[in-house]
Protein chains: 2
Amino acid sequence: MRAAAVQFSQAEFSEVNMEDIAAEAGMTGAAIYNHFPSKDALFIATANHMTQINLVALKRAIESGPTWRSGFAAVLALFVDDTTGWLRYPLLTSAVQLKMLQNREKFDEMLGLRREYVAQFEGLVSRAVAEGDLPADVSTNVAAELLMGFVFNGMGAVMSHMRSEREIRQIVDTASLLLTGSVEPALPNKLDR
Amino acid sequence: MRAAAVQFSQAEFSEVNMEDIAAEAGMTGAAIYNHFPSKDALFIATANHMTQINLVALKRAIESGPTWRSGFAAVLALFVDDTTGWLRYPLLTSAVQLKMLQNREKFDEMLGLRREYVAQFEGLVSRAVAEGDLPADVSTNVAAELLMGFVFNGMGAVMSHMRSEREIRQIVDTASLLLTGSVEPALPNKLDR
DNA sequence: GTCTATAAGGTGATAGAC
DNA sequence: GTCTATCACCTTATAGAC
C-alpha cells in the first residue's frame, strides 16, 4: 500500500500500472494479485488506509487546543512533520476525491470517512462561533467543508510546488495567518514529541 | 475544446477517450485529428484556452475594487455567475496542475500563465499589507499561492460536491467570510451586468 | 472535413511452474 | 507467495474513400 500511495500520488490512476507499483515494492506485477484482487481494490484499500490513519491524527489535533485557533494550528502543524507518515500525498487525496465522485458505490467506506472529517471541522467552526470569531449565522457545514478544502486541497496544491521543509513550514504558517489571523504555535503537538 | 473541457472535467485524462470527446462535439474520434494533432495537444490547447480567458476576468475583478477585500470579493463573485463560461471546471484545473508538474516542457505556456495568476494574487496580498490587514513580514509569494490555492483548489473541491446555484452562492459567501472576515458584496461586478 | 476500417502498442488480469 | 508467459481488451492514431 505504501508503494501504491507513492505511485498514485505522482500520476493519475490510469497512468500508474501494476508493474510500476510492484517495482516500487520489490516484486513483479502479478505478485500484487496475491494481496489485492484488482487494481481498483488496491487503490481503494490504500486510500482508505491513508484516510483512516490521518483521521485519528486530525481528531487528536483538533481536541488538543483550548481554543479553535490552537486546535486548527495543531491540524496545520501535522503537515510540517507529517506525523502519520501519510499526510504528504496531496495529489492522491485529490485523485481519491475525483474517483469518489465518479463511483460512489465503490467508495462507500471512504464517503463515511469523509463525513467524519467534515464533522471534525464542523466542531472547529462551532467553537469559532462560540468564541466570537465567526458570526452565529454562518453555515457550519459549508464553513467546515471549506476549511477542509483549504487545508487538504488548497494548501496541498501549494505544497505540490514547494516541497522543502523550510517552504512547508512557511506555507503552514502563512495559511494559519490567512485563516486564523495569527501564527499560533501548536503547543500540544510539540509536547508530544 | 468545449467538449474536451466537459469530458476532462468529469474524468481523468487517461480515462477520457477521443470517442467520448468527439461524441460530445457531434463527430467521430478520427475527425478530431483534423483539428488537433494528438490527444495531448487537444488537452493542452483546451487548458490554455480556459486559463487565458479566466486570467482576463481575474485581472478585471482584482482591479475592480477600491480595497483588497472588494477586489477579492469580485474574484469570488466570478464563480457565482461563471462570468467567462470557463470557471466551472475545477477538476480540469486540478488535472492541469498534475500534468503540469509531471511534464513541465509541454506546459511551458501554462506555466507562464500560472505565473501571471500568482502575480495577480501577489498584488492582492500587497494591498492587504498596505491596508493593514496582513503583517508586513508576510511572504507575499506564499500568501498569494495560498490564496490562489484556496480559491481554485479548495473552493473548487467543495463546489464539486455542491453544485446548485444556491449552494455555490453560499460557498462563495462563506469563503469570503473565512478569508476576509466579512461578506462584502462585489459591487463593480454587479454593475457590469 | 468527416467517415469506416485498421494498424500498433500498452495494460489488467490469469494460468501454471516453482 | 513469487515468478514467466500469455490472453483479451482497449485506445491512440493513421489510411484512404467520399
Side-chain angles (χ1 to χ4, degrees), chain A residues 1-50 89 91-92 94-110, chain B residues 1-50 89 91-92 94-110:
Chain A
M1 288 198 291
R2 175 68 66 180
V6 169
Q7 292 296 316
F8 286 133
S9 69
Q10 288 172 8
E12 58 186 27
F13 180 79
S14 318
E15 279 172 347
V16 174
N17 57 47
M18 300 301 270
E19 290 298 335
D20 292 338
I21 299 170
E24 179 93 27
M27 25 182 196
T28 61
I32 296 180
Y33 290 88
N34 285 309
H35 305 275
F36 299 94
S38 68
K39 185 183 176 184
D40 262 24
L42 170 59
F43 181 83
I44 292 172
T46 305
N48 285 346
H49 184 68
M50 171 182 76
Y89 301 108
L91 295 178
L92 175 54
S94 300
V96 171
Q97 288 171 359
L98 171 60
K99 295 198 81 64
M100 196 168 69
L101 285 169
Q102 290 170 338
N103 197 339
R104 301 184 79 89
E105 301 105 45
K106 275 193 180 168
F107 285 85
D108 58 334
E109 185 177 346
M110 178 63 62
Chain B
M1 288 197 292
R2 175 67 66 179
V6 169
Q7 292 297 317
F8 286 134
S9 69
Q10 288 172 7
E12 59 187 25
F13 180 79
S14 319
E15 279 171 347
V16 173
N17 58 47
M18 300 300 269
E19 290 298 334
D20 292 338
I21 299 170
E24 179 93 24
M27 28 183 192
T28 62
I32 296 180
Y33 290 88
N34 284 310
H35 305 276
F36 299 94
S38 69
K39 185 184 177 184
D40 263 24
L42 170 59
F43 181 83
I44 292 171
T46 305
N48 284 347
H49 184 69
M50 172 182 75
Y89 301 107
L91 295 178
L92 174 54
S94 300
V96 171
Q97 288 171 359
L98 171 60
K99 295 199 80 66
M100 197 169 69
L101 285 169
Q102 291 170 337
N103 197 337
R104 302 184 80 89
E105 301 106 45
K106 276 192 181 171
F107 284 85
D108 57 337
E109 186 178 346
M110 178 64 61

Selection residues 29-38 of chain B - residue pairs positive for salt bridge (Lys or Arg N to Asp or Glu O under 4.0 Å), sequence neighbours left out:
none

How many angstroms lie between CG in B/Asn17 and NZ in B/Lys39, if you round to the nearest 0.5 Å?
7.0 Å

How long is the straight-line distance from NZ of A/Lys99 back to CG of A/Asp40, given to the nearest 0.5 Å?
6.0 Å

Integer-rounded Å distance: D/dT11 C1' and B/Gln7 CD:
15 Å

Strictly under 4.0 angstrom, non-hydrogen atoms only: write out the protein contact profile of nucleotides 13-18 of chain D, one letter per nucleotide from the 5' end, B, S or -.
BB----

Between C/dA13 (P) and A/Phe36 (CZ): distance, integer Å:
13 Å

Who pairs with A/Glu24 by side-chain contact (heavy atoms from CB on, under 4.5 Å), at least two apart in sequence or on another chain?
A/Ala3, A/Val6, A/Gln7

Could you tell me the separation between the CZ atom of B/Phe13 and the P atom of D/dC10, rounded to a whole number of Å?
19 Å

Tested for side-chain contact (heavy atoms from CB on, under 4.5 Å) against A/Gln102, the lone hit among B/Glu12, B/Glu15, B/Gln10 is B/Glu15

How long is the straight-line distance from CD1 of A/Ile21 back to CE of A/Met27, given to the nearest 0.5 Å?
9.5 Å

Counting heavy atoms from C-beta on, name the nucleotide in D/dT4, D/dT12, C/dC3 closest to the side chain of B/Asn17.
D/dT12

